[in-house]
Amino acid sequence: MDHDYKTDDPDLIAQAIFTVNKHAKTAPDSRALYDLKKAAIEKLILEKKARKIGLQFSRNPGLSQQRSDLLIECGRYQFHIPPQKSDFQELPHLGKLSDHVRNPKTRMSLKEAKLTLQAYTGHKVTRPNEHRQPAKYQKPVFKRLGE
């Protein structure tokens with residue numbers, strides 16, 4: 001199944017990012033999906049197909065009291081990624097996230113989204129433990145009490 005994924009259409013890339021991001025929020029191991037999202041957004045910014053808008057307080061600050069995320073706009077879509085130090089000096093802080101801003105609905109399978117972003121970024125998604133050899137069974141060793 002060798003598809004020719006269009007990697008020059010920023011709206012298609014944004015749809016793929018949206019799909020990957022949506023699945024990453026519920027995935028048991030989301031690291032690879034978030035890495036793919038970040039790589040695609042960074043490339044879009046470099047190519048001037050997306051732009052940094054500003055910083056917003058995170059809805060899920062984790063262990064800290066307050067954290068800011070970088071708001072990115074690509075076509076009709078908006079995304080958040082972790083900010084770099086320079087973003088705090090160069091961009092305005094926009095405060096809380098608005099509940100009125102929503103990304104458009106999109107219908108794209110996760111598989112298609114991953115393949116599109118992989119073709120665009122050259123970044124491969126690997127499953128966790130994919131390259132690890134299965135552990136060999138070791139017979140338990142029983143010792144007498146006091147040995």
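Note that the structure is predicted; figures quoted are calculated from it, not measured.
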Among all residues two or more places apart in sequence or in another chain, which pass the side chain to side chain contact (heavy atoms under 4.5 Å, CB included) test with [X]?
X	answer
F88	L55, S68, P83
A14	C74, Y77, F79
K43	E47, Y120

Mind listing the closest non-hydrogen atom pair of [X] and [Y] along with its distance?
X	Y	value
M108	L12	CE-CD1, 3.6 Å
L91	I53	CD2-O, 4.4 Å
A113	V20	CB-CG2, 3.9 Å
K52	I72	CG-CD1, 3.7 Å
T121	A39	CG2-C, 3.8 Å
Q15	T106	OE1-OG1, 3.3 Å

If hydrophobic residues (ILVMFWY) are linked whenever their side-chain heavy atoms come closer than 4.5 Å, directly or via other members, who joins L46 in its cluster?
none
What pairs meet the salt bridge (Lys or Arg N to Asp or Glu O under 4.0 Å) rule with one or both residues in residues 70-83, with sequence neighbours excluded?
D11-R76, R51-E73
Quick one: CD on Q84 to CG on L70, what's the gap to the nearest 0.5 Å?
8.0 Å
Rounded to the nearest 0.5 Å, how far apart are NZ of K37 and CG of D35?
11.0 Å
Under the criterion side-chain contact (heavy atoms from CB on, under 4.5 Å), I'd like the reasoning laid out for K25 against Y34: C-alpha separation, chi angles, the key distance, then a yes or no.
CA-CA 9 Å; K25 290 176 182 184; Y34 281 127; 3.5 Å; yes
Is K85 salt-bridged to D87, going by a charged N under 4.0 Å from an acidic O?
no
Between N103 (side chain) and Q78 (backbone), is there a donor-acceptor pair under 3.5 Å?
yes
Is the backbone of L33 close enough, under 3.5 Å, to the side chain of S30 for a donor and an acceptor to pair up by distance?
no
Intermediate values then yes/no, side chain to side chain donor-acceptor pair (under 3.5 Å), H80 and Q56
CA-CA 9 Å; H80 288 98; Q56 288 185 312; 2.7 Å; yes
Just to verify, what does F57 make a ring pair (Phe, Tyr, Trp, His ring centres under 6.0 Å) with, not counting sequence neighbours?
H93
Pair L117, H123 - check side-chain contact (heavy atoms from CB on, under 4.5 Å), show working.
CA-CA 8 Å; L117 295 183; H123 188 90; over 6 Å; no
Beyond-backbone contact of L44 with I17, side-chain heavy atoms, under 4.5 angstrom
yes
